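Below, read A as the first sequence line, B as the second, and so on, with proteins coming before strands; counting in each chain starts at 1. Quick caveat: nothing in here was measured; it's all calculated off a predicted structure.
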Protein chains: 2
Amino acid sequence: MNPKPENIACDSNDTQARLLNAAESLFIDAGYAGMSARAIAQTAGVNIAAMGYHFGSKHGLLEAVLIRRVAPINDARLRRLARVCERGPDAIGAILHAFLWPVFYTENEAPARRLMGRVMTEPADVVEPLLDLVFSDVIEQFVAAVAACFPNEDKGLIAQKFSFVVGALSFTLLRPSSPLFGSVTTTDVSFKRLLKFSVDGFQITPTNRSIEKDIL
Amino acid sequence: MNPKPENIACDSNDTQARLLNAAESLFIDAGYAGMSARAIAQTAGVNIAAMGYHFGSKHGLLEAVLIRRVAPINDARLRRLARVCERGPDAIGAILHAFLWPVFYTENEAPARRLMGRVMTEPADVVEPLLDLVFSDVIEQFVAAVAACFPNEDKGLIAQKFSFVVGALSFTLLRPSSPLFGSVTTTDVSFKRLLKFSVDGFQITPTNRSIEKDIL
DNA sequence: ACTGATTTTAAACGATCGTTTGAAAGTAGG
DNA sequence: CCTACTTTCAAACGATCGTTTAAAATCAGT
């Protein structure tokens with residue numbers, strides 16, 4: 001029969017939690033196609049069949065992994081956004097703060113961060129439906145809130161600027177320590193830097209025409 | 001014996017080129033672990049064994065795919081950077097222009113762009129050595145050039161800001177049309193927006209303390 | 001046309017893939 | 001203890017994985 005459909009969160013050492021943790025870790029390091037069901041079971045110290053029994057399939061397990069981590073973060077984002085919007089529409093810094101803060105400071109943040117970075121960059125055919133399901137509401141509301149800060153700006157520009165923020169965020173989460181970019185920083189420093197970078201990128205500034213004319 | 005070690009570029013319909021094109025397309029859509037050697041051969045209309053014969057292995061084929069596209073872009077980047085640096089150290093806009101322009105406007109740009117986005121976000125154990133090999137020199141030189149623009153700023157901050165640019169770029173290339181962020185734009189528009197966003201993000205502006213105090 | 005090297009081919013290698021089965025083990029409530 | 005239910009387990013399912021083999025086909029030089 002269907003196994004415990006009502007109670008997802010269990011003791012941290014039972015089979016379901018062990019599978020979730022193992023799948024999360026392997027998904028972060030190898031992506032969906034790169035993690036095998038057997039490797040998950042072995043890492044979890046659990047029989048392979050337990051995956052099918054508790055989550056239906058490998059993809060069902062990934063879905064549970066994502067929802068476990070992403071849902072609390074997105075909930076916190078929307079709660080903070082609601083509080084910001086009560087203060088009036090002109091607070092781009094506060095809006096981006098509401099978007100970024102929960103990623104860096106929600107509990108269980110360390111695995112959740114890397115998971116977020118991985119899932120945002122995973123091949124579309126694996127997670128596109130899941131991304132839509134989990135993120136479309138959050139993105140939509142935040143883009144609308146940011147657009148309200150710049151009522152005279154093109155909506156497409158606002159949406160794309162927000163995608164730049166999401167990209168910078170995802171890449172930062174995905175490669176917390178990359179030999180390409182030198183020294184690693186603490187969570188707090190990265191958060192503050194990314195927030196400031198994003199806010200500055202959103203500001204309306206005069207386009208520097210000399211860049212294009214001089215170089216091109 | 002070793003197959004044509006000296007002449008990589010061939011007629012656009014010979015086996016090597018067909019394999020390169022097919023592997024590139026599948027790598028973009030599914031990542032390394034998600035593309036199978038058989039799918040590559042089938043897409044290329046070529047026998048499976050031809051992959052081992054011409055490129056040694058699936059990983060060797062990926063390596064050739066990456067170098068074919070990324071090397072010309074990185075060459076153009078460094079050529080443009082050299083020209084910029086002759087003009088003096090205070091041209092962050094020109095530097096970022098030199099970094100971004102070749103991605104959007106090097107020939108064969110369309111597949112090359114998506115390939116660049118995919119490879120930057122692929123799991124580390126697959127492409128980390130390749131990333132190091134292909135990008136470390138470019139990143140190092142550009143970070144140094146940008147640092148010269150802001151001699152009083154922390155080097156780690158400069159490097160991380162540059163990683164934000166790379167992240168925003170990678171994400172933009174990876175998801176040229178995502179239902180999450182609404183309408184698609186042309187290459188020219190995306191390029192100009194990303195360049196401006198990056199330049200503004202690098203500017204030295206006073207930190208808005210009210211963001212943190214108000215919300216936290 | 002013949003020879004020697006290059007390239008393509010069908011077929012198979014062992015390994016691993018995600019999933020399923022049916023029996024054994026564990027867990028209450030009576 | 002017995003029964004009904006849940007969970008775990010070893011084992012196997014067919015399919016596909018990346019790679020290799022050796023023979024067939026193609027090509028270039030004389």
Nucleotide by nucleotide, nucleotides 8-20 of chain C touches protein heavy atoms under 4.0 Å in the pattern (B base, S sugar-phosphate only, - none) BBB-B----BBBB
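- The pair B/D137-B/R77 fails the salt-bridge criterion, with no side-chain N (NZ, NE, NH1 or NH2) lying under 4.0 Å from an Asp/Glu carboxylate O.
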Can you check nucleotides 26-28 of chain D for protein contacts, nitrogen or oxygen pairs under 3.5 Å, and list what you find?
none

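- Residues meeting the side chain to side chain contact (heavy atoms under 4.5 Å, CB included) test with B/S57, sequence neighbours left out: B/H59.
- The aromatic ring centroids of B/F164 and A/F164 lie 6.0 Å or more from each other.
- A salt bridge between B/K196 and B/D200 is present, with a side-chain N of the basic residue lying under 4.0 Å from a carboxylate O of the acidic one.
- Salt bridge annotation for A/R79-A/D75: absent, with no cationic side-chain nitrogen under 4.0 angstrom from a carboxylate oxygen.
- A/R175 places a side-chain N or O within donor-acceptor distance of the main-chain N or O of B/M120, the cut-off being under 3.5 Å.
- For the pair A/K58 and A/Y32, the cation-pi test (distance below 6.0 Å, angle within 45°) is passed.
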